[in-house]
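Take a look at the structure set out below.
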Number of protein chains: 2
Amino acid sequence: MPKKSAATTHRVVSSSEAHQASAPIAHAAKMERRPTINDVARLANVSKKTVSRVINESPFVREETRNRVAAVIKQLGFTPDPQARGLAFRRSFRMGLIYDNPNAAYVINIQEGALGALRKSGYELVVHPCDRTSPEFLSDIEQLVTRQKLDGVILLPPISEDDSLAALLKSLKCPYVRVLSAPLDEIENLVLSRDRESAEQVAEHLVQLGHTRIAMIAGPASYRSSHERLAGFSRALTERGLSLPPEFVIEGQYTFESGAACADVLLSRNPRPTAIFAGNDETAAGVYRTAYLRGFKIPDDLTVIGFDDSPLASRLCPSLTTMHQPIRDMGRTAAEKLMARVANLPGPTPSASTFMPRLVVRESSGPPKPPRVT
Amino acid sequence: MPKKSAATTHRVVSSSEAHQASAPIAHAAKMERRPTINDVARLANVSKKTVSRVINESPFVREETRNRVAAVIKQLGFTPDPQARGLAFRRSFRMGLIYDNPNAAYVINIQEGALGALRKSGYELVVHPCDRTSPEFLSDIEQLVTRQKLDGVILLPPISEDDSLAALLKSLKCPYVRVLSAPLDEIENLVLSRDRESAEQVAEHLVQLGHTRIAMIAGPASYRSSHERLAGFSRALTERGLSLPPEFVIEGQYTFESGAACADVLLSRNPRPTAIFAGNDETAAGVYRTAYLRGFKIPDDLTVIGFDDSPLASRLCPSLTTMHQPIRDMGRTAAEKLMARVANLPGPTPSASTFMPRLVVRESSGPPKPPRVT
DNA sequence: CTGAAAGCGCTTACAG
DNA sequence: CTGAAAGCGCTTACAG
């Protein structure tokens, strides 16, 4: 009480007096205690409400006052306490990142992209790995959102594809951004990767190389991107006078093991494919494995294409031709969209929220052998 | 005011009256507002302080009272607001995870291990990737710790090796746990990986296979683990009557590229080594690359051993023999140590905080050719 | 443009 | 074993 009343009642003292009076306190503050809005108010000779206005960039502060307060803030190294701020604002300044994705590089990159955008705006990121096959999946997330009072959440595939989750978040009035491979929601709620359209680049690349017996190991049916990549690839081949016959399409699981198993089936076909488009890089690594075990040389005997451009792609021998996604940028964009929505500001445009994966040609692709064209 | 005073002043009403009186409010709460400690207090017909005691498991509550309050808490689905709790406790219930480590799988695993332990105790994890080469490195972290009022931080290598950072945290009175490959601090502050001792397993393995010309690509001198792995490996070879000659030891950077470059040098030696212990899996992948380009078959022409057992290790062809670390467990242990320290409880013992990497033998290791023993 | 009061949802003293 | 008051550090709504 004494300290407090001293601060508030005697505010009329001159600025220099205030300095003197508070010198020892300021010193103690520097050493033991973070400066609070009250310290700033006292030293700047204004009310804490005015300090609050300066912090929150209210236009209703005289410039001179603003400068004076800003100077004290800087001198003290004051930053508002996020918890107190959150409590008073009835907002948490916290965003969630919810994922159930085994690809560590993907998650880390999204996370760092989002973190980069959030940090400078004073938001925190609450990371929430989860298990979408668990019966508590939805209730866990409901708990997370309500307990932590999340201001918004970023959903990564495959849970971003779950409409019941999106509905739940909507009912909780929790803004969300879904990182998705197809426009399954309003663009406002999306960071979109145009997997379908981009798969055309793979088709074009293989056709250019002269392949005609082309196979694909699709991702699991439960992933939307599986369908997108397959549909786009198939259509693009057809448009080029080729086709993706049923015996050359197998459903994998986006995993190393499934890639190996599916490749084993494909390479037993007669005639066998001369090129395999794997659903992702993990699957492609599985194809490498089977080729290695069966003595097929890549790319001489077999061309392999992946998707993701994960670190793995460049570490395989031969290095893997694959589709590159700007994952970090997608994470940053997702965070920016969320913050813009919360602040009721425009934010990234639809086109800035749409990403087109691009082909990175490496060593795993080459012309078919024996050459078709003599 | 009206709502509040009604709640506090009329607390003497019977439990059923309280129920009736608050029914509409309770309903509204369910729909629009999270229940607060006041709602619980009113319905349980106790003061909020008593509710607080129940939440915090104070022994000074009569069992009957505790049960009544607990029932209401359950019925309402009440959970304390972390921000309000943090503000009042003068604690944030937040731990930091600070890293500057390019290995995504490593970071994700530590993170998920830590998250698993923290979540059930109501702690959050603030993830903070950083750049230790930046001039603001230390001040950034100081800002992070003070602004977020972190209750503790987990430091991953290589920044866990930075004594000035540890000193800074100590001066900020911020408990920390360093994930380290050597006991550079009191065990209380450590989750320890015994890299030096574990490297003996690699030596033993190579000796068993019959190798005599053995090389190592060490990690960068700026990583403590580099020295540990090198020292342990070298000593173990010596103990077995072999040696690690200077021309067979090169400093790499723990990266794919450096692994390839160092392998190129080593494989140009005459005689060349028949086995290379790479500092980590990334480096080993670089060795694979050079072997691939120069036409060396692994393991027939060259045995390669890695360290980490990252996902990459099993995806390479041939699969990579490497040292496995229980990274997730290490993350969990780090979080548990931190929470125990904050709560002033025992926590994981020194031996539970010490992890011994173990050899996983895969396809990349075999006897040398031409065989030494005829 | 500025401030005094009340409140966010919890806890810490301090009483009983 | 239990509670009334004051406080954590900020903001909202209301005045001027």
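Chain letters run A, B, ... following the sequence lines, proteins first and then strands; every chain starts at 1. The model shown is predicted, which means the values in this text are computed figures rather than measured ones.
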Response to the item:
Pairs under 3.5 Å (Watson-Crick or G-U), crossing ones as [ ], inter-strand ones as |: DNA chain D comes out as |||.||||||||.|||
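- We find that CD of Gln83(B) is positioned 15 Å from C1' of dG7(C), with the value rounded to whole Å.
- Judged by distance alone, the side chain of Arg147(A) and the main-chain N or O of Pro82(B) form no donor-acceptor pair under 3.5 Å.
- Formation of a donor-acceptor pair under 3.5 Å by the Arg119(A) side chain with backbone atoms of Ala117(A) is not found in this model.
- Listed pair Thr50(A) / dG3(C) meets the phosphate criterion, a side-chain N or O lying under 4.0 Å from OP1 or OP2.
- Under the 3.5 Å distance criterion, the side-chain polar atoms of Thr333(B) are matched with a main-chain donor or acceptor of Asp329(B).
- Along DNA chain D, the nucleotide nearest to Val61(B) and the one nearest to Lys149(B) differ in position, and the one closer to the 5' end is contacted by Val61(B).
- A salt bridge links Asp163(A) and Arg178(A); the closest N-O separation between the charged side-chain nitrogens and carboxylate oxygens is under 4.0 Å.
- Following rounding to the nearest Å, Arg66(A) (CZ) and dC1(C) (P) show an atom-to-atom distance of 9 Å.
- Counting only distance, with no hydrogens or angles, the side chain of Asn67(B) and the backbone of Glu64(B) share no donor-acceptor pair below 3.5 Å.
- Between the side chain of Ser58(B) and the backbone N or O of Phe60(B), at least one donor-acceptor pair lies under 3.5 Å.
- Looking at Lys337(B), its side chain never comes within 3.5 Å of a backbone N or O of Pro348(B) through a donor-acceptor pair.
- Atom pair Arg42(B):CZ and dG3(D):P shows a separation of 15 Å (rounding to whole Å applied).
- In this structure a side-chain-to-backbone donor-acceptor pair under 3.5 Å is missing from Asp100(A) to Asp131(A).
- A side-chain donor-acceptor contact under 3.5 Å links Arg341(B) to the backbone of Glu188(B).
- Note: CD (Glu63(A)) to P (dT2(C)) measures 11 Å, nearest angstrom.
- Between the CD atom of Glu64(A) and the C1' atom of dT2(C) there is a distance of 13 Å, given to the nearest Å.
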Worksheet item: If the sugar-phosphate is the primed atoms plus P, OP1 and OP2 and the base is the rest, what is the B/S/- string for nucleotides 10-16 of chain D, using protein heavy atoms under 4.0 Å?
Response: BBB----
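- Not one side-chain nitrogen or oxygen of Thr65(A) sits closer than 4.0 Å to the OP1 or OP2 atom of dC1(C).
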